[in-house]
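One structure is given here, and the rest of the page talks about it.
Chain A is the first sequence line, chain B the second, and so forth, proteins listed ahead of strands; every chain is numbered from 1. Remember, it's a predicted structure, so these values are computed and weren't measured experimentally.
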Protein chains: 2
Amino acid sequence: MLKIQDVARHAGVSAATVSRVLNGRATVNPELAARVHAAVRELGYRPNGVARNLRRRQTTLWAVLVSDVGNPFFTSLVRGVEDGGRQLGYSVVLCNTDENRAREAEYIAVALADNVAGVIISPADDSTDISALVAAGTAVVTIDRELAETEVDAVLVDNEKGAEMATAHLLESGYRRIACITGPRRMSTAMQRLRGYQRALRAFGLPQDRSLVRHADFREEGGYSAMAALLDEGVEMDAVFAANNLMTVGAVECLTEREVAIPASVGVIGFDDIPWARLFRPGLSTVRQPTYELGRAAARLLADRIDNPARPATRMVLQTELHPRESSRLRLG
Amino acid sequence: MLKIQDVARHAGVSAATVSRVLNGRATVNPELAARVHAAVRELGYRPNGVARNLRRRQTTLWAVLVSDVGNPFFTSLVRGVEDGGRQLGYSVVLCNTDENRAREAEYIAVALADNVAGVIISPADDSTDISALVAAGTAVVTIDRELAETEVDAVLVDNEKGAEMATAHLLESGYRRIACITGPRRMSTAMQRLRGYQRALRAFGLPQDRSLVRHADFREEGGYSAMAALLDEGVEMDAVFAANNLMTVGAVECLTEREVAIPASVGVIGFDDIPWARLFRPGLSTVRQPTYELGRAAARLLADRIDNPARPATRMVLQTELHPRESSRLRLG
DNA sequence: ATGAAAGCGCTAACAT
DNA sequence: ATGTTAGCGCTTTCAT
């Protein structure tokens, strides 16, 4: 491997000058700079990023910890982060925690050891411990989910409002007995979406019925089982609001399997879009989250935090959008 | 930041001993080792991975270059790589090239600068240049797509066989005028799938009709436009085989929009599965690729190549699976 | 089995 | 504006 000294010798300048030219951090005689560039080209020199990172005591790497890369929500989000980071000169390491706290902790350790410049994390749950990162002075942005006790930058979606919109939409379509399949109690998003659902019912003057509310695991199987339980228990119901995309799919599968007509017998709306939802049978009504933008925003925030470690924590809240399709269209009369 | 010297001082041993204990690379007096571990715990010491990488002249990082993270095919593949890598102690950097050769080249440069241990790449096209990686001695595995001139490990799918299966399935269902929407000529996968389609027609004793074959870009829009062109040109056709998942979706959208009945008027089958394809209207018939396993295999191959740089290049070919659903079910009579 | 010392390749003080 | 020098934190000879 060629080193900067080799280039310096070849160009007849000092290593410091080569470094200055390559990093553009100081003014260098154009003639010398040209010689350096020539030497670099002739020798085929490539800077060693690892050595640079050691010396500078920071890398140009971001770690993104998401709980499920298989979920299109996170895919799109990661893409936003990656595009944003790339523009600012960062590379993005994708870490898939699988909603598993041990794996999450492991990745945090790796991020620390590798001196990543920043971490964007969608915490596995409420109790995710990012104190080591904070203690080490690593820039952190939480995304999608909120952390209980920690003062860090956060990029969120207005979950309560989105869930309220979804539920209100079902109400306005004529549904009255609306079930809610939400996520685990320890997840901020699950609770906020539940609250939005409840708020819509209240605003409509309808009673809260506990038997209509189910907590599942944000996975397809969870949505399926919750839906199955609602049906098996014979809970009176004419629509369902599922609090994320995967559970919506699960619920729809269950309904389809049992030949419950959507939207005639049971209306369906889901939080968070699903790719090609319009091609489903029936087309799925959803509340779309600005997933890509969430990632972009997190990237901006992280870069800013890296440049400016002292500034107070920011909390960005993005809005959702209602996408009514066939699954929530009650045929009245 | 604490360094190994601090731990050494605290434990009353040399830095070399601390390193030996931490890396388990040499036998150390158990009593000393215990003191080291205690010191590490008491001080909250974390090794600096960057310094280690510089000294060892290699990292524990893999770069995965895929052309579209938004495509579920690659998502699943990346997941396989990541799981495989993690088990072997590697972290995975995800790089999204967007089918863009400039971005791809950029990422290759970054991979080189950061001294990644290995690269798994799904080349943007035939002419992707990985010679710099090979020259630098970086372990490389190509995945999904084949590279023209280069002798590197490859993990592939039996595209020709899969496409043949898909086409034969349409033929057996009673379709006779089958269109083929495949990818760009410069991509090995596109050409192999086209050949499979042709082979099936030949085996069935049917003529090749050039007007039935279209080259698109492997994206949703491409599938849509190709389908639209086929319809607009009035090409006589009763089924279509689309050579990847996104184009299948595009083609279906076009047919749906124009109210062409699937599968009655035009049967559809796609190469590569789509998540929740069974929930589509109609359920999409597909040829499933073992995406996750592709990633796992690539991980194994890469790790092996890193440990054993001299061994000859391997070519792994995985098989596909036919998943017939409603979109290819011709109602005869 | 342990310690001392050199050096991975780069950049940032400092000196000129 | 340029060169000299030290050192980032670790591992690995080499000597003991």
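- A heavy atom lying under 4.0 Å from DNA chain C marks the following residues of residues 4-13 of chain A, by number: Ile4(A).
- At a threshold of 4.0 angstrom between heavy atoms, the contacts of Asn23(A) are confined to the sugar-phosphate backbone, with no base atom among them.
- Each of Leu61(B), Thr59(B), Val116(B) was compared with Val50(A) under the side chain to side chain contact (heavy atoms under 4.5 Å, CB included) criterion, and only Thr59(B) meets it.
- Within the structure, ring pair (Phe, Tyr, Trp, His ring centres under 6.0 Å) contacts touching residues 50-97 of chain B (residues at least two apart or in different chains) are Trp62(B)-Tyr90(B).
- Here the rule is side chain to side chain contact (heavy atoms under 4.5 Å, CB included) with Val152(B), and of Thr314(B), Leu133(B), Ile130(B), Leu301(B) only Ile130(B) fits it.
- Only Tyr45(B), listed by number, bring a heavy atom of residues 27-46 of chain B to less than 4.0 angstrom from any atom of DNA chain D.
- Rounded to 10 degrees, the angle separating the terminal axes of the helix from dA1(C)-dT16(D) to dT16(C)-dA1(D) is 40°, with each axis obtained from five end pairs.
- With values rounded to the nearest 0.5 angstrom, Leu88(A) atom CG is found 9.5 Å from Leu302(A) atom CG.
- For DNA chain C, the outermost nucleotides in 5' to 3' order that have an atom under 4.0 Å from a heavy atom of chain B are dA1(C) to dG9(C).
- A 4.0 Å heavy-atom criterion places the boundary nucleotides of DNA chain D facing chain B at dC8(D) to dT12(D), written 5' to 3'.
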Do any side-chain atoms of residues 2-10 of chain A form donor-acceptor pairs under 3.5 angstrom with protein atoms, and if so which ones, sequence neighbours left out?
residue  : atom : partner  : partner atom : Å
Asp6(A)  : OD2  : Lys3(A)  : N            : 2.8
His10(A) : NE2  : Glu42(A) : OE1          : 2.8

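- Judged as a salt bridge (Lys or Arg N to Asp or Glu O under 4.0 Å), and not counting sequence neighbours, Arg20(B) has no contacts.
- Listed by chain and residue number, nothing satisfies the side chain to side chain donor-acceptor pair (under 3.5 Å) test with Asn53(B) (two or more places apart in sequence, or in another chain).
- In this structure Glu151(A) satisfies the salt bridge (Lys or Arg N to Asp or Glu O under 4.0 Å) test with no other residue, sequence neighbours excluded.
- Nearest-nucleotide positions on DNA chain C place Arg20(B) closer to the 5' end than the other of Arg20(B) and Arg55(B).
- Judged as a side chain to side chain donor-acceptor pair (under 3.5 Å), the pairs with a partner in residues 75-84 of chain A (not counting sequence neighbours) are, in order, Ser76(A)-Thr291(A), Arg79(A)-Asp68(B), Arg79(A)-Asp98(B), Glu82(A)-Tyr107(B), Asp83(A)-Tyr292(A), Asp83(A)-Arg103(B).
- Atom OG1 of Thr17(B) sits about 11.5 Å away from atom CG of Leu22(B), to the nearest 0.5 Å.
- Among the candidates Arg311(B), Arg315(B), Arg300(B), the single residue satisfying the salt bridge (Lys or Arg N to Asp or Glu O under 4.0 Å) test with Asp153(B) is Arg311(B).
- Under the salt bridge (Lys or Arg N to Asp or Glu O under 4.0 Å) criterion, Arg219(B) pairs with no residue, sequence neighbours left out.
- Judged by distance alone, the side chains of Ser127(A) and Arg186(A) do bring a donor and an acceptor atom under 3.5 Å apart.
- Salt bridge status for Glu99(B) with Arg145(B): present, with a side-chain N to carboxylate O gap under 4.0 Å.
- Between the side chains of Arg56(B) and Asn115(B), not a single donor N or O lies within less than 3.5 Å of an accepting N or O.
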